[in-house]
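Numbers restart at 1 for each chain; the letters A, B, ... are given by sequence-line order, proteins then strands. All values below come from the heavy atoms of this structure, side chains included, with hydrogens, waters and symmetry mates left out.
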2 protein chains.
Amino acid sequence: MKVKSKSDYFTREQEQAARFAKALGHPVRIAILQLLHSQTCCYHGDMADELPVAKSTISQHLNELKDAGLIQGDITPPTVKYCINADNWELAKKLFNQVLE
Amino acid sequence: MKVKSKSDYFTREQEQAARFAKALGHPVRIAILQLLHSQTCCYHGDMADELPVAKSTISQHLNELKDAGLIQGDITPPTVKYCINADNWELAKKLFNQVLE
DNA sequence: AATATTGTTCGTACATTTGCGAACAATACA
DNA sequence: TGTATTGTTCGCAAATGTACGAACAATATT
C-alpha cells in the first residue's frame, strides 16, 4: 500500500526555490558567485587565492553550486573556468520574488 | 597576536544574504512563508494542519525564520500569530538581486 | 621519462540540521 | 481546582554540511 511520498506535499516551485536558496546559504558560495560575476576571476585557482578556505573546500562549494544549477564549468585541463548559469540565476530570482507574490 | 577573524573576509551584505538564503533553504520554510503571506493561516496550529511535519518540528522552522528576521511572532497565549517581517523580506529580495548586481 | 600545474576526490573530524514524541508551560474554561 | 487548548522545549537519532590535508588524475613543460 502506497503512502503519499514526502515530495508530494510541496510544489515544484517550492522545492526549486528551496534548492536555490540552500545553495546560496553560505557566505563562501555568495562570494564565489560574485567573483564569477565580476568576470575577472573565473578560474578555480583564482578563487582559491581570494577566499579564506582550502581549495578542496572550494571544490565542494563549486560542486554544490553546480548541482543546484547556478553555475557551470568549462573544463579545459588543467584549468576549469566556471561561469554563472544566467538562465537559472534569473529563474532563482524569479522564484524568490514569487514566493511572496 | 590577533589573527584575522573569519568574519572579516566577507562583507556584511554577503553574510546577511547567506543568512536569509539559508533560512529559505527548506521547502517547509518556503511553504510557511507562503502560508503566512496568504493571511488565511497565521497561527501555528493552522500550519501544523497544513504541513506534513510534527508541530514541534514546525516550531523549530518558525524559530529559524524568526532568528533570521523573516517573520515575527505576536504572542497572545495560548495562541501565537506569526506574520512576515515585511521590511526584512524586502531587504532579502534586494540583497538577492544585488548579489549579481 | 621526470616535473610542474591545476583541480578533484578521499578520508576524517566535527558541527549543524532535521525530525519525532514526550514532557512541559501558560492561559482559558468548567 | 481540574482540564482542555496551544505552543515550546527536551532528549534523542539520523542525516547533512563544513573543512582540512593527503593522495590522485590529467595535462603541459622540460
Check whether any side-chain nitrogen or oxygen of His61(A) sits under 4.0 Å from OP1 or OP2 of dG17(D), and answer yes or no. no
Between P of dT8(C) and NZ of Lys55(A), the distance in whole Å: 9 Å
Polar side-chain contact Ser56(A)-dG21(D) base: donor and acceptor under 3.5 Å: yes
With a cut-off of less than 4.0 Å, is there a side-chain N or O of Thr57(A) near OP1 or OP2 of dA19(D)? no
Here the distance between atom P of dT8(C) and atom CG of Asn63(A), to the nearest Å, is 7 Å
Using only atom types and a distance under 3.5 Å, with no angle test, would you say the side chain of Asn85(B) pairs donor to acceptor with the backbone of Asn88(B)? yes
So, do Leu24(A) and Leu33(A) sit near enough that their side-chain heavy atoms are less than 4.5 Å apart? yes
Any salt bridge (charged side-chain N to carboxylate O under 4.0 Å, His left out) involving residues 20-34 of chain B? Give me the pairs, sequence neighbours left out, ordered by first then second residue. Arg29(B)-Glu64(B)
Touch check for Thr79(A), heavy atoms < 4.0 angstrom, all strands: base, sugar-phosphate only, or nothing? sugar-phosphate
In whole angstroms, how far is the P atom of dG7(C) from the CD1 atom of Ile71(A)? 13 Å
Between P of dA28(D) and CD1 of Ile75(A), the distance in whole Å: 14 Å
Would you tell me if any nitrogen or oxygen in the side chain of Tyr43(B) comes within less than 4.0 Å of OP1 or OP2 on dT5(D)? no
Tell me what Lys22(A) touches on the nucleic acid: a base, only sugar-phosphate, or nothing, going by heavy atoms under 4.0 Å. sugar-phosphate
Rounded distance (nearest 0.5 Å) linking atom OG of Ser59(A) with atom CE of Met47(A): 9.5 Å
Can you check the Asp49(B) CG to dT5(D) P distance for me, whole Å? 13 Å
Side-chain N or O of His26(B) less than 4.0 angstrom from OP1 or OP2 on dA15(D)? no
Ion pair check, Glu90(A) and Lys93(A), cut-off under 4.0 Å: yes
Can you tell me how far C1' of dT5(D) sits from NE2 of His44(B), to the nearest Å? 13 Å
Is Glu64(A) touching bases, backbone alone, or none of the nucleic acid, heavy atoms closer than 4.0 Å? sugar-phosphate
Separation of dT18(C) P from Asp67(B) CG (nearest whole Å): 13 Å
Round to the nearest Å and state the distance from Gln60(A) atom CD to dT9(C) atom P. 10 Å
Between Tyr82(B) and dT6(D), does any side-chain N or O lie under 4.0 Å from OP1 or OP2? no
